[in-house]
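Notes follow once the structure below has been shown.
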Amino acid sequence: MSATEPVLVPLEYQEEELTTLIGPDWADRLLHAYRWMVLGRTLDARMLGLQRQGRIGFYGPATGQEAVSVGAWMVSKPQDWIFPGLREQLLALARGHSLTTYLHHLFANDLDPARGRQMPCHPTAREVHYVSMSSVIGTQISQAVGTAYALRHKRDPSVAFAFFGDGATSSNDFHAGLNLAGVLDLPVVFCCTNNQWAISVPVERQSAVAHLSEKATAYGMPGATVDGTDVVAVFASLNGAAEKARSGHGPTMLEFVLYRMTPHSSSDDPTRYQAKDWMARAQAHDPVRRLEDLLARRGALDEAKRALIALDADGEVRGAIATAEKVGPPLSESLTTDVLASPPAPAGTGSDGS
Amino acid sequence: MPTQPLYRKLRSERRSNSVADPTPSTAVDATGAEARIPSTDLLGVYRMMVTSRVVDERCLTLQRQGRIGFYVPMQGQEAAQVGCTWALSPEDWIFPAYRELGVALTRGVPLKLLLDQFIGNSGDALKGRQMPNHYGYRAFRFVTASSPVGTQIVQAVGTAMAARRKGEPIVTATFFGDGTTSSSDFHSGLNFAGVFRAPTIFFCQNNQWAISLPREKQTRSETLAAKSVAYGIPGVVVDGTDVHAVYGAVAKARELALAGGGPTLIEAQVYRLGPHSTSDDPRRYRSDEELNAWKAKDPIARLKHELLADGQLTEEADHEVWESTKAEVAKALAASEAMAPVQPRTMFEDVFAHIPLALEEQRDQFEALSAPGATKP
Amino acid sequence: MTELTLVQAVNRGLFEAMKSDPDVLILGEDVGVNGGVFRATEGLLKEFGAERVIDTPLSESGIVGAAIGMALYGMKPVAEIQFVDFIYPAFDQIVSELAKFRYRSGGQYPCHVVIRTPYGGGIKGGLYHSQSPEAYFAHTAGLKVLIPSNPADAKGLLLTAIHDEDPVLFLEPKRIYRSVTGEVPDGDHRVPFGLASTVREGSDVSVFAYGAMVPVAAQAVDALGAEGIHAELIDLRSLVPLDEKALLASVEKTGRAVIVHEAPRFCGYGAELAAILAEKALYSLKAPVVRVTGFDTPFPYALEHLYLPNAERVAHAIRTTAKAA
Ligand SMILES: Cc1ncc(C[n+]2csc(CCOP(=O)(O)OP(=O)(O)O)c2C)c(N)n1
Ligand SMILES: Cc1ncc(C[n+]2csc(CCOP(=O)(O)OP(=O)(O)O)c2C)c(N)n1
Ligand SMILES: [Mg+2]
């Protein structure tokens, strides 16, 4: 925290504008969005604490990026496919993945659907069409494109959303994925969460373009740069891109500019590479506070309600932690299962089948 | 079409090109007049293009006769290759693909040395290890080509970064096709070059086909040069059958790179008049009409026409150019075919700087086994 | 039964799979209009249309990455990599993703992709059209690796692969694409995984080979019959899962083993076979295990005939092994 409280950059939407962009029920919807954002924020803070206490092994926060996950939740339909990047866990939760199950994953215990095989923050949530992610940067991008092909092939009116960071725009699969989606005109929305850092590498060092969305030109698709800490803008841009894809008009690349408000992960020390004023700039664009401020100014949120929402989130997170922490480690048999469909025991009889 | 998505656009401000490099990119006037090939060079350029064509046709025949194993022709791309290389300095490094005969010849690689590589004999600088067309000659700053497409692109950027660091006033030029713009290393190479402002010229010969895949199925990008936008670098489209246009674009890109202004992507639009390689049958996937339309734009005929018009060439002199070139090629070929085959022992060299013990053992076993009568019971 | 070449058998297998299952589709470079550079996909575009036979841009990571995405949705993509030598841009998608999806998601996201690709030397392809990188993939948990040596197995293993639940790397010995012909059962012919095939029965020495080395080894084995050495030749054909029983049973009978592959020796697939024999059949062995392999060098162009194991080298190894005390 810097000594002087940074001045929040306010969201300047008028009621009519919100009605046009979101609908007449904008207040309810934004309040709901706000709840999720608070939950995400609370979870991050608690889990980073637990990691420091040695109670979980690792944590990758999404603080500062909540508006993208929540905006995508507002836009996406249950049958749409989500290919997450590193920081979209809140999207899985908002789409209905149980918080307790996610905590089982963070504790890598026996009730983790992936049986504790992956590092924390790599959840799989098939029931909400949230695809298993790997740690390898970018690989999900071309996979999302393949799924988009299958969606169209099967006349499924759903859309694939691929999330990835600014660093991932340099990966092979970014190039492969966007090119293929462009050529085949597929129903996919590319969502680049430009948090301006790839661990210690600033985005200026990642690419010489002014806006990462310009990369869309190389693949013959539209691209736009969006304020990723403004949930209304995130919603509106994603909604446009998703509808475009859904109606058979092909892919779009959206770049959400936002601020990473924490270390890259629990293993990282940003004081080694970030300028001193970074956090102040980031806080001025805190997506949770910006929405809170908007809702308050538009009369949809008062202090009592705000406190209640915070309390609820805290209680929910505490409850889930308490439940998950009680569960033991995965059974050792899970060391060898799920490698192949059938057990890897040699099947041969030693004789020629014919 | 649905209406444009609604959102607030961020202020559009161009970032300083690179945090690594404070050199201003405005040092060079990128809109300067196009350089032209000195008129006294034009006959030399023409002769080089003719030589490329003659070697190419000869090699296709040699392959059919079984005298070389494989061949990748480059007909239709002579102006692009010769024009580009003409604009480079001999000190500049070349990172070619497998179709760059015109580049190698312009660089001065002797004909016989190239033919030795096609045959894979004991005169081959690569010791018979690579398929024909995958040559490289250190003395000519012409780096050995590989088959996996695109790998040379990012390598060229690395060399350019190193040269710049050492203060050498050179550029690197890398050659690749339209299909190769989809490869991983195209992406990495151009991105690195943009970020580190490497003095590299990306010379893409868009010959309209990647084996059987036409250009429009390769990418939705409006032009291939437009891909430069994704890397924050300049991109130019040139008519690759016009040797002047190619030369001008390359000369400008070179000047920009040397002044610290970074890389340029040049798309030279050409046509592959022949098959992809001697293993390919283009009639399976493209029409005669298309081929004939491009044949009418044969770059050699185009330059010849110009030379005839301005009196530098007569029909008789032209005939002489072709005939003397053919004689030169025949002579070099005879010399190459007289060379001994490559020595089996060389197979074990150059894996590492020194042959490891285990490999020495494999070599000795191999030699013992190939001694006369060694395998008889 | 129809007499086919190996590449025709692959083509028939693909045809059969696409005809019987609308979820099977093909993607790769030059697979559509051109029918594949080796013609393995000849005629499929015409029969099944461009939606199921997809000519892709030149990007192997795109091909495999997209195939993974299709498989996640429940399709059965068969990706072609034009030469296995060009598979490395997709290595990440294969090793980090395809092989690990099932495991890392606790079984929720099985990912069934078949990757077909020609491999091996003998066509004067130099360094980059000749390699045998099966060991990289066999080393990767979660991938099955198959290498047929004859047309019937090519079709039968390919169909089993396409209808399997796991990712499969299907390596096709391009050197014998056309030189080997054989009777191939019509229709939905399947050869099970994990089952080696005994090509020659014998009692003196066991010879293990796969792919294009099977006919080479067979030639050696046949020649040695005249010298009174009766070698048993086993075609492994399914590298993962391996028919370990066949391996051990043969060596228990003969007490001698020769392993043949064209990939380099060091850490090659043969090293695993030798290790299994050392662990589980040591007391049956009467002589050291011998490997006949490519050299520990990149693959050469002009000298490929010397690099590749030939019948003479295999025969020499069998003879030496048979005579060792
Ligand atoms: C292929 C690959 N290379 C390197 C890493 C190590 N790594 C993990 S996250 C990361 C930075 C990613 O940056 P970005 O894409 O901007 O996403 P962010 O972490 O900022 O959300 C790196 C280099 C990796 N996981 N995968
Ligand atoms: C990584 C890789 N994938 C596939 C191939 C097979 N291949 C050889 S050339 C070629 C097409 C290349 O097209 P383009 O880049 O347009 O160059 P051109 O041959 O037209 O000069 C393909 C697919 C390869 N050599 N490398
Ligand atoms: Mg081309």
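Lettering follows sequence order; numbering is per chain, from 1. Worth saying up front: this structure is predicted, and the values here are computed from it rather than measured.
Counting heavy-atom pairs closer than 4.5 Å to chain A, the top residue among C:Ser238, C:Gly142, C:Pro110, C:Gly62 is C:Gly142. Contact tally against chain A (heavy-atom pairs below 4.5 Å) for C:Glu60, C:Met75, C:Lys100, C:Arg102: the top residue is C:Arg102.
Within the 4.5 angstrom heavy-atom criterion, no atom of C:Ala90 approaches chain A. Proximity to chain C (any heavy atom under 4.5 Å) is restricted, for A:His129, to the backbone atoms N, CA, C and O. Interface residue A:Ser334: only backbone heavy atoms are found under 4.5 Å from chain C. Within the 4.5 angstrom heavy-atom criterion, only side-chain atoms of C:Gln93, from C-beta onward, approach chain A. Only the side chain of C:Leu25 has a heavy atom closer than 4.5 Å to any heavy atom of chain A. With a 4.5 Å cut-off on non-hydrogen atoms, C:Ile54 touches chain A through its side chain but not through its backbone. Looking at C:Ser59, only its side chain comes within 4.5 Å of chain A, counting heavy atoms on both sides.
Rounded to the nearest 0.5 angstrom, C:Ile68 CD1 and A:Ser142 OG are separated by 7.0 Å. The OG1 atom of A:Thr139 lies 7.5 Å from the CZ atom of C:Phe101; values are rounded to the nearest 0.5 Å.
Looking at A:Lys154 and C:Glu51, no side-chain N of the basic residue comes within less than 4.0 Å of a carboxylate O on the acidic one, giving no salt bridge.
A:Leu180 has its side chain within reach of C:Pro57: a pair of non-hydrogen atoms, C-beta onward, lies under 4.5 Å apart. A 4.5 Å side-chain heavy-atom check between A:Trp81 and C:Tyr73 finds at least one atom pair inside the cut-off. For the pair A:Ser132 and C:Gln108, the minimum side-chain heavy-atom distance is 4.5 Å or more. Using a 4.5 Å cut-off on side-chain heavy atoms (C-beta onward), A:Asn172 and C:Asp92 make no contact. In this structure the side chain of A:Val136 reaches within 4.5 angstrom of the side chain of C:Glu97, judged on heavy atoms. You'll find the side chain of A:Gln118 reaches within 4.5 Å of the side chain of C:Arg104, heavy atoms only.
More than 12 non-hydrogen atoms from other residues, nucleotides or ligands lie less than 6.0 angstrom from OH of C:Tyr88.
Nearest approach of C:Ser61 to A:Ala176, heavy atoms of both residues: OG-CB, 3.7 Å. For C:Pro22 against A:His153, the heavy-atom pair with the smallest separation is O-NE2, 4.3 Å. Heavy-atom minimum distance, C:Met70 versus A:Gly146: CG-O, 3.2 Å. Pairing each heavy atom of A:Tyr149 with each of C:Arg52, the nearest pair is OH-N, 4.5 Å. Of all non-hydrogen atoms in A:Phe83 and C:Leu72, the two that sit nearest each other are CE2-CD1, 3.7 Å.
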Check step by step if side-chain contact (heavy atoms from CB on, under 4.5 Å) holds for A:Leu340 and C:Tyr103.
-> CA-CA 8 Å; A:Leu340 295 169; C:Tyr103 184 79; over 6 Å; no
